[in-house]
Each structure stands twice: as C-alpha cells, then as structure tokens.
Visitor: 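This is the structure I have questions about; it appears just below.
Quick note on labels: first sequence line is chain A, next is B, and so on, each numbered from 1. All values below come from the heavy atoms of this structure, side chains included, with hydrogens, waters and symmetry mates left out.
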Number of protein chains: 2
Amino acid sequence: MPTMMKLLLVEDDEAIAVGLEYSLSQEGFEVVICNDAASALDKITSQDFDFAIIDISLPDGNGFDVCKKLKEKGDTPVIFLTARDDEGSVVMGLDMGADDYITKPFRLRELHSRIRAVLRRANKLSEDHIINIGGLTVNLAEGKVKKNGREVFLTALEYRLLLTLISNRGQVLTRDQLLQSIWDVSGDFVNDNTLTVYIKRLREKIEDDPQNPTIIKTVRGIGYRV
Amino acid sequence: MPTMMKLLLVEDDEAIAVGLEYSLSQEGFEVVICNDAASALDKITSQDFDFAIIDISLPDGNGFDVCKKLKEKGDTPVIFLTARDDEGSVVMGLDMGADDYITKPFRLRELHSRIRAVLRRANKLSEDHIINIGGLTVNLAEGKVKKNGREVFLTALEYRLLLTLISNRGQVLTRDQLLQSIWDVSGDFVNDNTLTVYIKRLREKIEDDPQNPTIIKTVRGIGYRV
DNA sequence: TAATTATATCATAAAAAGATTACCGCCTTA
DNA sequence: TAAGGCGGTAATCTTTTTATGATATAATTA
C-alpha cells in the first residue's frame, strides 16, 4: 500500500497557501498548512513530515526556526520561499540547512521539479512512493511513469489526470469531480468532451490494449475508476 | 560513479575566497573553504582532499603547517598563494613539499592551468574523475571533453553548462536553475532564450545527431536533463 | 427495435514552448 | 588595427500540447 508523502507548508499568505495546497495535493502530496511559525513548530512536535516548504517572512518571527527544528528532529528536506530581493535571507537559509530556495513569484512546475530534485538528493525516495498497477509504475517523487518497464512520457495534464485517478484508487470519480480537480472549473466552462479525450489519450499511453482498458475503467453514467 | 575532485582552499581574504570558490566550483571542483590555519588543520583530520590551495600569510600562523600536515597524511598536492614580494616564503614553501606557487594578483586562467599541471604531475588523475556518457568523455580534472575519442573544444560557458548538467545527472534541471547556476541570475535578467541557444550550441558539439539529442534531453515545460 | 443517451474516436485549430538562424558588440590576439 | 572567437539578443520556424467540434460506436430504455 503506497503512502503519500506528507508535506508541511508554512505560508501566511492565504491565497498562495490555498493555491499551493491544491497544486501539491494534485501531485500526490498530503499537505498540512500552517500560517505562522508558532503553529508550525507545534505541528512538528506531534507529526512527522517527509518534506517542508517554508516562507521565510512569516508574521511571527521568521521561518528559520521552523527549518531548524525540522532539521533537528529528522533532517527533513526544506525548501524556502523568498522574495526576489532577499539575498541575505537566502544565504542564511541555506546555512541553516535548507535544501533549496525559490523566489516568488514562481511557476508551479518549477516548484514541483525542485521538490523532486531535493527529495532525490535527500534520498527520501523509497518504495513507499511508487505505485504499481497492472504493469504501470508511477514514481510520485520523481514524476516518472513506466509501462512494462519502459518509460512513458505524459504531458502535464495527462500526469495530473492519472494522479487524481490513482490517488483515489478503487473509488469512482465523477466526470465533474475530474473536471474540477484538473481544470479547476465545473463542467460549464470546459467542454465536457475534453475529459473524454484526455482519458483516451492516457489510455493510449498506459494501457496494454487501449480498446479494452484494464487500468482506467469507465463507469457509465458516472465517471471513471482506477 | 564519478566523484568530483575535492579541493581545500585556505584563504583569509573573504573576497578572494568567495571568488575562487565560485570559479573553481565551475571548473568541477568541490571546494571547502577555511579562513585560518587552525580550522584547516581541523578539516584535514576529518576529511580527505585531492588538492589544496593555501595562502601563506594566514592570520593565525602561516600556511606551512597546513601544507606539512597534508603531505604527511596523503601526499596531497598543494599550491601556495603568496604576495609578490615574498621570495623567502616561496622557497620555504617549496622546501616543504609544495608543488607550485602563484603570486597575487593572479589571473584565474593561470591558476586553473597550474592546478591541472600539478594534478597531472601528481598522477592524481584517476578514472574517478572521468565521466562517460554515450560516447562523451568529460575529464573533470583536466577540463577536457572528448566525443567518440576526438577532443571537443567547448567555450567556458558551454563547459559550465555541461558540468552543471552532468553533475546532476538523471534529474531534471529547470531553466531557472540552469540560468542561476551558469549566469548567476534569475530569468528576469538574462534573456530566457539565451539558455536555449547555449543548449543548442552544446548539442551541436557533443551529440551524434544534434537534432535528436541523446545526451541532453529536453523535458518540456520544465527544463533539461542529462 | 428505434430512439436516446453516453462515451469513444478522429481531425484540426489555437496557443505555448522550444529550436534554429542570423546578427551585433566586445574582447583577445596576431 | 584587423580577424576571429565568444557571449548575448531578436526574429522566425517547428514541434508539442491543449482544447474543441464533428462523427462514430456502444449501452440503455421506451
């Protein structure tokens, strides 16, 4: 049974926090949000995290303390978020043991890729984060997908769709749920057929026989299930 | 798995130290800095170095002790940095087993070529410092690159780019990471396309078929990977 | 079974990302 | 000081991705 990576996100800006949480959960992380250093420190004592993203400029003191504690406790990998012009903090952060930093504003893809890099370096990639379904292997941390041992290249959206499906393995996801989780809108705004087309393309890439899918199954009238 | 050469830099002048570290790391060395003899001696006990650059005039005593210890421990090659008018020290340093010396101020190229010369003489060039990828051979110590046995001449930037890529082999480096590590700035300051152009130039020189690169692979939406 | 509805397939337009080419200015070196 | 290499930019071309409409097929039900 694969476990999701548990991620601590310390960010006081509500908008950013919510956006990141959404995006990261799509990537297969279980996200815990704190909006200040105090509550983060609190969380750390009671829970273990595989990874942390910390905004340096927090309302109550800076994020360095959080980083320090994480490092002391279990050498948890940390990425700092900083403002563009905050060079000093960056140096200090890296001194403190941070594994990487990324300046705001950033692109989500960039962040995801850095997270993977850091995780890889930290050797946190274990069997736990590899999912195996009918010859299909999804490495959540590296973002790589293999079919029968051969690497398959998915586009960004295809990957997201697959991830949404397998992270809800066993349960049927409605078309609308899928639309919302991947395009962030309900069926009214995106052509309903778009989802169908993406499912087809995904099957084309990961199924042995796309005409008779064994991984992504159609549940007529409702949606799809893995 | 090829290892980078590990270099000990003992220099009290902060500006010089930082500059050298940067430049040497670009050349493929892993650089450890100490700003005084004491901490250098300390480092030597706990770590092994392939090479050392030592400023003779250190705040706490001179660099000779450091040299002596390095020679005793593992006959590590040493280059001394000296002031122009310090003839006596030079003689003493060479007596002590130093392999070369260079007077300040010096040009980086000069230093690099001396380092290579010393390493060559000291026979420290081992398989360890040679990376081999699909017909491409990179000799980290000599700074030479060969493609299918024939030497390829890269410009300074091309070499840095290649080095950054291969020293993170297997993982995707984002465009921004590459820009940062090679131009030391984020995407806002250097034309984003510049990276693309350099990748192309590099491919032109090291790929069998630049149109279908097998060494430097593009990961659309993120960056490049070796 | 015909009509209806849901899903699958195909083809293609629009947009985005990257590759390619050509060019310019600067510095080195002869 | 002229020639050539290097670093960087701009404009253009190519490829890939994303999204949609049209049509075909399969399942459901009146």
Visitor: Name the nucleic acid region contacted by B/F153, choosing base, sugar-phosphate or nothing; use a 4.0 angstrom heavy-atom cut-off, strictly under.
Guide: nothing

Visitor: Polar pairs (N or O, both sides) under 3.5 Å between protein and nucleotides 1-5 of chain C?
Guide:
| from | atom 1 | to | atom 2 | distance (Å) |
| --- | --- | --- | --- | --- |
| C/dT5 | O2 | A/R220 | NH2 | 3.3 |

Visitor: Does any pair with a residue in residues 152-168 of chain B pass salt bridge (Lys or Arg N to Asp or Glu O under 4.0 Å), and if so which ones, sequence neighbours excluded?
Guide: B/E158-B/K205

Visitor: With a 4.5 Å heavy-atom cut-off, do A/V66 and A/V78 have their side chains touching?
Guide: no

Visitor: Starting from C1' on C/dG18, measure out to CG on B/L202 and report it in whole angstrom.
Guide: 16 Å

Visitor: Find out whether B/V138 and B/Y159 are in side-chain contact, i.e. whether some heavy atom of one side chain is under 4.5 Å from a heavy atom of the other.
Guide: yes

Visitor: Using whole Å, report how far CG of A/L195 lies from P of D/dT18.
Guide: 14 Å

Visitor: So, is B/Q211 close to the C/dT20 phosphate, meaning a side-chain N or O under 4.0 Å from OP1 or OP2?
Guide: yes

Visitor: Is there a donor-acceptor contact under 3.5 Å linking the side chains of B/R220 and A/T155?
Guide: no

Visitor: Check nucleotides 6-8 of chain D against the protein and report each pair of N or O atoms closer than 3.5 Å, with its distance, or say if there are none.
Guide:
| from | atom 1 | to | atom 2 | distance (Å) |
| --- | --- | --- | --- | --- |
| D/dG7 | OP2 | B/T155 | OG1 | 2.7 |
| D/dG8 | OP2 | B/W183 | NE1 | 2.6 |
| D/dG8 | O6 | B/R201 | NH2 | 2.6 |

Visitor: Can you check the A/I199 CD1 to D/dA19 P distance for me, whole Å?
Guide: 14 Å

Visitor: Starting at atom CG of A/D209, determine the distance to atom P of C/dA8, rounded to an integer number of angstrom.
Guide: 14 Å

Visitor: Under a 4.5 Å cut-off applied to non-hydrogen side-chain atoms, are B/R203 and B/T218 in contact?
Guide: yes

Visitor: Starting at atom NZ of A/K217, determine the distance to atom P of C/dA8, rounded to an integer number of angstrom.
Guide: 14 Å

Visitor: Once you round it to whole Å, what is the distance between P of C/dA19 and CD1 of B/I216?
Guide: 10 Å

Visitor: Tell me, please, which residues at least two apart from A/K200 pass side-chain hydrogen bond (donor to acceptor under 3.5 Å, both in side chains).
Guide: A/E204

Visitor: Between A/T196 and B/G223, who's closer to the 5' end of DNA chain C by nearest nucleotide?
Guide: A/T196

Visitor: Would you say a side-chain N or O of A/Y224 is under 4.0 Å from OP1 or OP2 of C/dA8?
Guide: yes

Visitor: Are more than 12 heavy atoms from other residues, nucleotides or ligands located less than 6.0 Å from atom NZ of B/K147?
Guide: yes

Visitor: Not counting sequence neighbours, list each pair that qualifies as a ring-ring contact (aromatic ring centres under 6.0 Å, His included) and has a residue in residues 206-225 of chain B.
Guide: none

Visitor: Any non-hydrogen side-chain atom of B/V197 less than 4.5 Å from a side-chain atom of B/N191?
Guide: no

Visitor: Which is true for A/T218 with a 4.0 Å heavy-atom rule: it touches a base, it touches only sugar-phosphate, or it touches nothing?
Guide: sugar-phosphate

Visitor: Any donor-acceptor pair under 3.5 Å joining the side chain of B/N193 to the base of C/dT20?
Guide: yes

Visitor: Hey, what bend do you get for the helix from C/dT1-D/dA30 to C/dA30-D/dT1 if you fit axes on five pairs at each end, rounded to 10°?
Guide: 20°

Visitor: How about A/I16 and A/D55: do any of their side-chain heavy atoms sit closer than 4.5 Å?
Guide: no

Visitor: Calculate the interatomic distance between B/R175 atom CZ and C/dG18 atom C1'; express it in whole Å.
Guide: 7 Å

Visitor: What I'd like to find out is whether the side chain of A/D209 reaches to under 4.5 Å of the side chain of A/T214, using heavy atoms alone.
Guide: no

Visitor: State, with a plain yes or no, whether a side-chain heavy atom of B/L81 is found less than 4.5 Å away from one of B/L20.
Guide: yes

Visitor: Take the protein atom CG of B/D176 and the nucleotide atom C1' of C/dA17, then report the distance between them rounded to whole Å.
Guide: 16 Å

